[in-house]
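Scroll down for the structure; my scribbles are underneath it.
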Amino acid sequence: MIEATPSNPAPTDFIRDIIDEDLRTNKHAGRVATRFPPEPNGYIHIGHAKSVCLNFGLAIQYQGTCNLRLDDTDPAGESMEFVESIIRDVHWLGFDWEDRLFYASDYFEKLYAFAVEMIKSGSAYVCSLNPDEMREYRGTFTEPGKDSPDRDRSVVENLDLFERMRAGEFADGAYTLRAKIDMAAPNIVMRDPILYRIKREPHYRTGTKWVIYPMYDFAHCLSDALEGITHSICTLEFENNRPLYDWIVERLIPANRPKQIEFARLSVSYTVLSKRRLIELVQKGYVNGWDDPRMPTVTGMRRRGYTPEAIRKFCAEIGVAKNDNLIDVALLEHCVRDDLNERSPRAMGVLHPLRVVIDNYPEDQVESFECQNHPQRPEMGVRQVPFSKVLYIERDDFMEDPPKKYHRLGPGREVRLRNAYIIKFASMVKDEKTGEVIEIHCTYDPATRNAPPADGRKVPGVIHWLSVQHAIPAEVRLYDRLFSIEDPGSEEDFIKYLNPNSLETVTTCYVEQSLKDGVPGSRYQFERLGYFCVDEKDTKAGRPVFNRVVPLRDSWTKIAERK
RNA sequence: UGGGGAAUCGUUCAAUGGUAGGACGACGGACUCUGACUCCGUUAAUCAAGGUUCGAAUCCUUGUUCCCCAGCCA
């Protein structure tokens, strides 16, 4: 469980201001109770994570409670698979609701009783308008609606009809239960909104027990009230629904009424977060499922190698406000790097190998270098890495005709092999047909093992390497942003902005021996390349599969691009 | 076009009548056996126009732009 500590200062925002004020006036007897209320019709994503961190974070900060509630009032599309994924993902994010796991569907009986109460008090009526008529009677933005012909039906008749709706006497859509408010209200939400509809759709929890289901506007506020929620936090698009929320609660809940507070939902550049769009990506096979490491879902980010700490940091960094926003994905990546830098052991890996032969190194000699697992954290220990005459280095770490600021290997140049010797270029071997450099010959300076050059010369470049005979073949998946434009979420045909290079699988990679049977989910920094995570799903014995979580910041790329 | 919201560095969040600040980004530098990390510095904003005030991002007026709402979805 996360706690608010001095190193993790509680942010200030307008929601906390409201809560502070409520506490000051003793509005809820000092209680703070929130809830995270997803509908189980999809996997949760980084946008939900913002809400999770907000709601649970508030509960932690104010020593209150936060419930997990599945808002399952529309059986279409809901399933236990999604419930289970939500439970797993929220737990993984680091939050705990203890015994307060609730389902709106557990309140169906109570909600029905509330509806009956509304009918009895003359606040609701059974309406026989069909969907087309309903739309017509609702009016438009500029014209008021018309009263339903059933609006003045007697209480007795309404009660009878509603009971028979529940009993299954009528076809789907034949009747609805509506709140009697004001068909001329300027806020369209208040024009006699539907409270219950008839829908013969099996519910993943209640089966066929019910053929009528409450609408969001009716179920949500009352679920909040039933759970004693004090601050019901939702996104901006529900602002128009707040008067209805209050209208219902005022009629049915005598005291300790919950209050709805809205904040801006999260948008992230170069990604989409709407459920509809994510479903399309999955169903049409543009990605490999909800847990595709390119997906902004919690499960996708987890598989990619993001940590819950990084996601929480991100949610704290972006803040909470009422402005529409488009957060730069670079901030998310910053949070991930920041966290992974602290916790990831270093290792050497070669993505695109180039053979290097150390000419003056004894043929059959193998020596072992002790390498720090983390340059700033000695408590993370050391490991032994074998060295021999023939090595792999990264192809990028050699240039036949290097530009001025290039620090690494080239004709006539010297370079430090990380944790090992300084080597000096001797010659290169080219493929006869293509002219491509396929092997480098170097000499090493035995005096530079774990020591600077005796003559004090500067060797600016440090590269990583692997002993060919000890290297473990691996597969690495490199991920790039899923979309090629900043705000694909605003485009109707967002699919055409998919980045065709968002996944690159590299099969020629090698990693250190110590990573041969890497634990799924464990993360390493391959120095100079980025952070990598052993895939949780695709495990191959003796041939590890890595996801690149995020590349390291690389100022060389910028320097090179500028030319 | 009716109603509901929001406008502050490139992005994002603060400042609630009293020095416009932080983070990310970008740029420059120091350090470095990771061109990483770390450290230092620079850049850069109050939607507009009026008004009130000693003083306005903040209050008032008018205007502008953007977002949400006409599902028996949430």
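Naming convention: chains lettered A, B, ... in sequence-line order (proteins, then strands); numbering from 1 in each chain.
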For [X] and [N], what is the distance between atoms [atom1] and [atom2] respectively, to the nearest whole Å?
X: R346(A); N: G35(B); atom1: CZ; atom2: P; value: 12 Å
X: R276(A); N: A74(B); atom1: CZ; atom2: P; value: 18 Å
X: D487(A); N: G10(B); atom1: CG; atom2: P; value: 18 Å

Original post:
Atom CD1 in I188(A), atom OG1 in T140(A): separation rounded to 0.5 Å?
Top reply: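 Answer for the CD1-OG1 pair, I188(A) versus T140(A), is 7.0 Å.
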**OP:** Among F526(A), Y392(A), F398(A), F387(A), find the one that has a ring-ring contact (aromatic ring centres under 6.0 Å, His included) with W465(A).
**Re:**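 Passing option: F387(A).
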**OP:** Run through Y107(A), F162(A), F218(A), Y213(A) and flag the one making a ring-ring contact (aromatic ring centres under 6.0 Å, His included) with Y112(A).
**Re:** F162(A)
Subject >> Residues within residues 233-241 of chain A bordering RNA chain B, heavy-atom distance below 4.0 Å >> reply: E237(A), F238(A), E239(A), N240(A), N241(A)
Subject >> Watson-Crick or G-U counterpart of U12(B), or none if no pair lies under 3.5 Å >> reply: G22(B)
Original post:
Which residue, A264(A) or A174(A), contacts RNA chain B at a nucleotide closer to its 5' end, judged by nearest heavy atom?
Top reply: A264(A)
Subject >> Upstream residue (5' side of RNA chain B) when N130(A) and G461(A) are each assigned their closest nucleotide >> reply: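 Of the two residues, G461(A) wins.
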Using atom [atom1] of each nucleotide, how far apart are [N] and [M] to the nearest Å?
N: C27(B); M: C69(B); atom1: C1'; result: 44 Å
N: U43(B); M: G50(B); atom1: P; result: 29 Å
N: G25(B); M: A44(B); atom1: C1'; result: 11 Å

Original post:
So among L409(A), L466(A), V350(A), V415(A), which one has a side chain to side chain contact (heavy atoms under 4.5 Å, CB included) with I393(A)?
Top reply: L409(A)
Original post:
Any cation-pi pair here, R481(A) with Y270(A), using under 6.0 Å and within 45°?
Top reply: yes
**OP:** Find out whether the Lys NZ or Arg CZ of R178(A) is both under 6.0 angstrom from the six-membered ring centre of Y125(A) and within 45° of the ring's axis.
**Re:** no
**OP:** Could you list the residues that satisfy side-chain hydrogen bond (donor to acceptor under 3.5 Å, both in side chains) with E333(A), not counting sequence neighbours?
**Re:** none
Original post:
Ring stacking, H220(A) with base of A74(B), under 5.5 Å and under 30°?
Top reply: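 Answer is no, no stack.
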**OP:** Check whether the aromatic ring of F141(A) stacks on the base of G2(B), taking stacking as ring centres less than 5.5 Å apart and planes within 30° of each other.
**Re:** yes
Original post:
Does a nitrogen or oxygen in the side chain of K199(A) sit under 4.0 Å from OP1 or OP2 of C73(B)?
Top reply: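 For C73(B), OP1 or OP2 has a side-chain N or O of K199(A) closer than 4.0 Å.
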Original post:
Is the phosphate of G71(B), meaning OP1 or OP2, less than 4.0 Å from a side-chain N or O of R135(A)?
Top reply: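 True: R135(A) side-chain N/O within range (under 4.0 Å) of G71(B) OP1/OP2.
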**OP:** Tell whether Q525(A) reaches the base of U34(B) with its side chain through a donor-acceptor pair below 3.5 angstrom.
**Re:** yes
Subject >> Quiz item: R408(A) side-chain donor-acceptor pair to G35(B) base, under 3.5 Å >> reply: yes
With respect to the side chain of [X], which nucleotide from [options] is positioned closest?
X: R197(A); options: G35(B), C73(B), A7(B); answer: C73(B)
X: T142(A); options: G71(B), G2(B), G35(B); answer: G2(B)
X: P186(A); options: U34(B), C72(B), G3(B); answer: G3(B)
X: I194(A); options: U16(B), C72(B), G35(B); answer: C72(B)

Original post:
Any idea if G29(B) is syn or anti, going by the 90°-from-0 cut?
Top reply: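 Anti for G29(B); the angle lies over 90° from 0.
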Original post:
What string of B, S and - do you get for nucleotides 21-32 of chain B 5' to 3' if you count protein non-hydrogen atoms under 4.0 Å?
Top reply: --SSSSSS----
Original post:
Of all heavy-atom pairs between D445(A) and Y421(A), which one has the smallest distance, and what is that distance?
Top reply: O-CD2, 3.6 Å
